[in-house]
Structures are given as structure tokens and as C-alpha cells.
Novice: 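What follows is a structure written as C-alpha cells; I'll ask about it next.
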Amino acid sequence: MDHSRHINRAAEILKSSSHTVAFTGAGISVESGIPPFRGENGLWSRYDPTVLDIHYFLKHPAHSWQVIKEIFYDFFGKARPNPAHFVLAEMERRNLLQSIITQNIDHLHQQAGSRRVIEFHGTSHTLRCMRCNRQFLVEQINLDELPPSCSSCGGLLKPDFVFFGEPIPEPARSDSFNEAAQAEVMLVIGSTGEIMPASMLPSMAGEKGATIIEVNVEPSNFSNSITDLFLQGKAAGILKELAQNLALSL
Ligand code: NAD
């Protein structure tokens, strides 16, 4: 099948589905200027992932926070949604998409207008006090003095995303598994399929009979196992082509 036939086929599948769930990874935000963690230009080629280990963070909060601020707030903070995020938001408005399960912590789906977003790995958008559990929007916190502390009790603040060594937060975990179980179609965008337990979600959807449509610049762990239709290319371009076939206005 050539590329445009693949796109037409995907659009037909999406139109006839009564429950479509998108599953997104770092790849969907690459065209917003946020590099993935893995690979040649990945963030882990420049930074040591140990700073995101919860045990290291608790022992060396000032050092962890210096790197966290640089990656997730100075840098991620300036990123804006790209057409791939906007197409998903429009699909939801047109009832062609029921939810998004994202592994990303960048808040770009919400910024693009998506409403039903399950953040499997939490978010960089809020911080939480490790002592009294009070939550803050990142805009409320001065990150010039690190590590930041809680204005109520003085406890250490931690970003609300999942660190290495931490469990997947509830209700995101249960909601994600429920959505994956209900999916008639799962649209997997920009994910290696290497991150557990997130990668279990498309596999579970596939096992329960969902059609898996995958968008990625290169084959992933999913491509040769559970993917039914592989759309090769960058997320923004492919999603724009899909939007055209679905007659969505952006
Ligand atoms: P990942 O599983 O998220 O993989 C990234 C995938 O994106 C790769 O398969 C790559 O081929 C693909 N890709 C790259 N550019 C693309 C494009 N323009 N269009 C479509 N696909 C593209 O792996 P990771 O980056 O190692 O991330 C590990 C974990 O950290 C994941 O949970 C991820 O979501 C999270 N993370 C989040 C962000 C973010 O919030 N933006 C950034 C980095 C990592």
C-alpha cells in the first residue's frame, strides 16, 4: 500500500470507530522543540538520568533541582503545541477521539485544547510539597532559589511527574488501563514502546481486539508486534494529512 492509501485507510478506520484512544510519547512533542530522552540527540546524551531517581532527589535535592529546572522549566516551559497536538484536540471536539493517554509531562495536549487527557507519568505543570502534600502551579513558585520549599510548611517541593523508583499515580494508572481495555482503535504516536509499564497499554488494547494505528518516524517495539497500520513520518505532517482526510478544519 502506498502512503496516501495508508492515510485513507487510517481515516476510514477512525471514522467507523466508536471508541478511539490516542497513546502519545515524546515523539509527538519533538516538533514543539522538546527532544526525546533516548537516541542520538536525546536528553540523556547530555544529562545524567540519576537526577530523576527519587532516592537521589531526596538526598541531593539542590543538585537534582538545578538540572530539573534547566530541562523541564527553562527549556520545556517555552514549548508550544504543534499541529499534531491541535489535530488530536479537534478530533476530540468532533467526537472522533474519546481520550488521550500521554506519557509526556509537558502539558502540551491541554494547551492545544484537549480535555480528556490522562497523564500516565504525571505533569511538570504542578509541584507538590513532600511534607504536607499541598499542590502549587509552577507559576506560583520562585525557581531562582533551589530547592524550592513549601510556603505553608517549609517542606521540599517536587514536580508532580513520576521519578525513577516511584509508582504510576492513581487515578491515572487505573483510568489508563480502563481506557485501553475499552478502545476499539488505539492511535499510538511517537513512542518507542520501551518504557514499562506504559508500553503495556497498547499491547493490552491490541490483545482485547483494538485496531492499532501507529505514527512514528521509525519502527518501534510495537511496529512488528501489535501494529495493524504503520504510518511512517513525523507526527505533525501525518496528523495534518489525517485531518484533511477526516475533513477537519484547523
Ligand atoms: P519514547 O518512548 O517517548 O520515544 C520517542 C519516540 O518518538 C521514538 O520512537 C522516536 O522514533 C519517535 N519520534 C521522534 N521524533 C518524532 C516525530 N517528529 N514524530 C513522530 N515520532 C517521533 O522515549 P523517550 O524519549 O526515551 O521517553 C521516555 C519517557 O519520558 C516517555 O514516557 C516519554 O513520554 C517521557 N518524555 C517526555 C517528554 C515530554 O514530556 N515531551 C520528553 C522526553 C521524554
Side-chain angles (χ1 to χ4, degrees), residues 3 7 10 22-49 51-53 67-68 70-88 100-112 114 117-126 138 159-169 172-173 176 187-203 212-227 230-242:
H3 181 74
I7 299 283
F23 175 81
T24 64
I28 196 169
S29 296
V30 167
E31 289 158 277
S32 291
I34 302 178
F37 283 159
R38 287 170 174 68
E40 217 176 305
N41 297 314
L43 289 168
W44 295 152
S45 62
R46 275 179 281 154
Y47 298 98
D48 180 354
V51 294
L52 291 187
D53 182 292
V67 182
I68 289 168
E70 196 175 314
I71 304 179
F72 298 101
Y73 296 104
D74 296 345
F75 178 50
F76 271 40
K78 295 187 185 74
R80 294 291 164 260
N82 70 58
H85 298 101
F86 286 116
V87 171
L88 292 184
I100 298 173
I101 303 170
T102 188
Q103 299 168 82
N104 296 342
I105 57 171
D106 55 27
H107 209 66
L108 294 182
H109 287 300
Q110 291 92 334
Q111 278 189 42
S114 289
V117 182
I118 307 171
E119 294 172 307
F120 197 76
H121 290 151
T123 178
S124 59
H125 196 60
T126 54
V138 68
D160 258 337
F161 55 75
V162 177
F163 280 38
F164 297 118
E166 285 194 305
I168 303 301
R173 189 187 162 283
S176 299
L187 184 56
V188 177
I189 306 171
S191 180
T192 53
E194 285 173 17
I195 318 296
M196 284 286 277
S199 61
M200 287 164 68
L201 293 160
S203 306
I212 310 292
I213 301 174
E214 182 182 9
V215 178
N216 203 314
V217 287
E218 60 183 31
S220 71
N221 278 0
F222 301 122
S223 314
N224 294 318
S225 52
I226 56 160
T227 299
F230 184 61
L231 305 175
Q232 186 154 16
K234 293 184 178 177
I238 299 282
L239 270 281
K240 279 201 282 189
E241 287 182 83
L242 271 178

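In each ligand, atom 1 is the first atom listed, and ligand 1 is the first ligand listed.
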Novice: Where do F161 and L52 land on the side chain to side chain contact (heavy atoms under 4.5 Å, CB included) test, with the steps shown first?
Specialist: CA-CA 10 Å; F161 55 75; L52 291 187; 4.0 Å; yes
Novice: Kindly confirm or rule out an N or O of A26 lying under 3.5 angstrom from an N or O of ligand 1.
Specialist: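 Yes.
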Novice: Quick one: does I28 get an N or O within less than 3.5 Å of an N or O on ligand 1?
Specialist: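 No; the residue has no nitrogen or oxygen that sits under 3.5 Å from a nitrogen or oxygen of the ligand.
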Novice: Applying a strict 4.0 Å limit to heavy atoms, is E194 in contact with ligand 1?
Specialist: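 No, E194 has no heavy atoms under 4.0 Å from ligand 1.
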Novice: Check the angle between the aromatic planes of W44 and F37 and answer parallel, tilted or perpendicular using the 30° and 60° thresholds.
Specialist: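 Answer is parallel, since the angle falls under 30°.
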Novice: Quick one: look up the protein heavy atom nearest atom 28 (C) of ligand 1 and list residue, atom name and how far away it is.
Specialist: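 That would be R38 NH1, 3.4 Å.
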Novice: Which heavy atom of the protein is the closest neighbour of atom 23 (O) of ligand 1, given with residue, atom name and distance?
Specialist: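 Here the nearest protein heavy atom works out to T192 OG1, 3.8 Å.
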Novice: I'd like to know whether ligand 1 has P35 as a neighbour, heavy-atom separation below 4.0 Å.
Specialist: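 Yes, that is the case, since the closest heavy atom of the residue is under 4.0 Å from the ligand.
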Novice: Would you say A235 and ligand 1 have an N/O pair spaced under 3.5 Å apart?
Specialist: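 There is such a contact, yes.
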Novice: I'd like to check whether S220 has a polar contact with ligand 1, where a contact means an N/O of the residue lying under 3.5 Å from an N/O of the ligand.
Specialist: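 No: no nitrogen or oxygen of S220 is under 3.5 Å from one in ligand 1.
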Novice: Return a table of donor-acceptor pairs under 3.5 angstrom between the side chains of residues 75-82 and protein atoms on other chains or two or more places apart.
Specialist:
from : atom 1 : to  : atom 2 : distance (Å)
K78  : NZ     : D74 : O      : 2.6
N82  : OD1    : A84 : N      : 2.7
N82  : ND2    : I28 : O      : 2.8
N82  : ND2    : S32 : OG     : 3.1

Novice: Looking only at protein heavy atoms, which one is nearest to atom 21 (N) of ligand 1, and what is the separation?
Specialist: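 Protein heavy atom with the smallest distance to atom 21 (N) of ligand 1: G190 CA, 3.5 Å.
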Novice: List the atom pairs, with distances to 0.1 Å, where a side-chain N or O of residues 189-196 and a protein N or O form a donor-acceptor pair under 3.5 Å, not counting sequence neighbours.
Specialist:
from : atom 1 : to   : atom 2 : distance (Å)
S191 : OG     : Q103 : NE2    : 2.9
T192 : OG1    : E194 : N      : 3.1

Novice: Any nitrogen or oxygen of E31 lying under 3.5 Å from a nitrogen or oxygen in ligand 1? Just yes or no.
Specialist: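 Checking ligand 1 against E31, an N or O pair does fall under 3.5 Å apart.
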